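Counting starts at 1 for both ligands and their atoms, in listed order. Note that the structure is a prediction, hence the values are computed from the model and not measured. Keep in mind that the numbers below use all heavy atoms, side chains included, and drop hydrogens, waters and symmetry copies.
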Amino acid sequence: MNRKRLILSTGNSNKVEEIKYILKDLPIDVLSKDDLGFKDLEIEEDGKTLEENAIKKASILAKKVEDMVIADDSGLFVGYLNGAPGLHSARYAGDNSNDRANNIKLLNELKDVPLEKRDAYFRTVIALIGVDGKVTILTGECKGTIGFEPKGNKGFGYDPLFIVEGYDKTFGELGEEVKNKISHRAKALEKLREEIGKMVEDE
Ligand code: ITT
């Protein structure tokens, strides 16, 4: 029997690495859209929620392949900033922004805000589209605090600023082995693993 394939609809190579690492023991082949030659497939994220964006990213690619597809839409929600950058985490510092510019903007927005008011959480929403077109949503969250300066050079995005609850260290310092066990994405992928396990068993 051919091994099943799961295609990742994301242009973010850091996410691809994390997802492949977390799902490495599943009895399926995990491939990115770049692996399949869809590198140039740009999908505008114009939804009003992470869910809408995740479903849009997954369904556009699902129409082009005959395999299961997932997309991940994630954001950092800071309490003091009423949930910003949230849905706009990727482009917080402007349309052509990058991780560094986003981190600088976040630090500026929280200038002089004391530690006890710097609570935040990451949220990941994964949309899974089965070969029958069925959509399943899986979510994960991770709580923490925004630090006063970047620490550590592991991970990506806001990781160097995000001090993980119960660890006293940023994801940038903790590194992939810890992050991929406890992160928002790891939690959503743990649920995905169960769903896919069921699908593989059912056949
Ligand atoms: P795709 O849409 O192609 O998957 P993206 O980078 O645009 O890639 P999102 O729309 O989900 O991804 O944007 C989320 C942004 O939030 C991302 O660019 C990072 O800046 C940040 N982010 C997401 N997950 C993160 C994580 O695990 N650690 C740190 N920052 C993260």
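At a cut-off of 3.5 Å, with distance as the only test, a side-chain donor of Ser74 or Asp72 sits close to an acceptor on the other residue.
Thr10 OG1, 3.5 Å is the protein heavy atom nearest to atom 1 (P) of ligand 1. Among protein heavy atoms, atom 7 (O) of ligand 1 sits closest to Glu45 OE2, 3.6 Å. Protein heavy atom at the shortest distance from atom 22 (N) of ligand 1 is Phe156 CE1, 3.9 Å.
Using a 4.0 Å cut-off between a side-chain N of Lys or Arg and a carboxylate O of Asp or Glu, Arg193 and Glu190 qualify as a salt bridge. Ionic pairing of Glu45 and Lys57 is present here: one or more N-O contacts between side-chain nitrogen and carboxylate oxygen are shorter than 4.0 angstrom. The pair Asp29-Lys20 fails the salt-bridge criterion, with no side-chain N (NZ, NE, NH1 or NH2) lying under 4.0 Å from an Asp/Glu carboxylate O.
Distances from atom 9 (P) of ligand 1 to the heavy atoms of Lys15, His88, Glu18 show the closest one on Lys15. Comparing Ala90, Ser89, Pro160 against atom 13 (O) of ligand 1, the shortest heavy-atom distance belongs to Ala90.
Atoms of ligand 1 found under 4.0 Å from any heavy atom of Asp73 (numbered from 1 in listed order, with element): 9 (P), 10 (O), 11 (O). Atoms of ligand 1 lying under 4.0 Å from any heavy atom of Lys57, numbered from 1 in the order shown and given with element: 1 (P), 2 (O), 4 (O), 10 (O).
Separating the CD atom in Glu44 from the NZ atom in Lys56 is a distance of 5.5 Å, to the nearest 0.5 Å.
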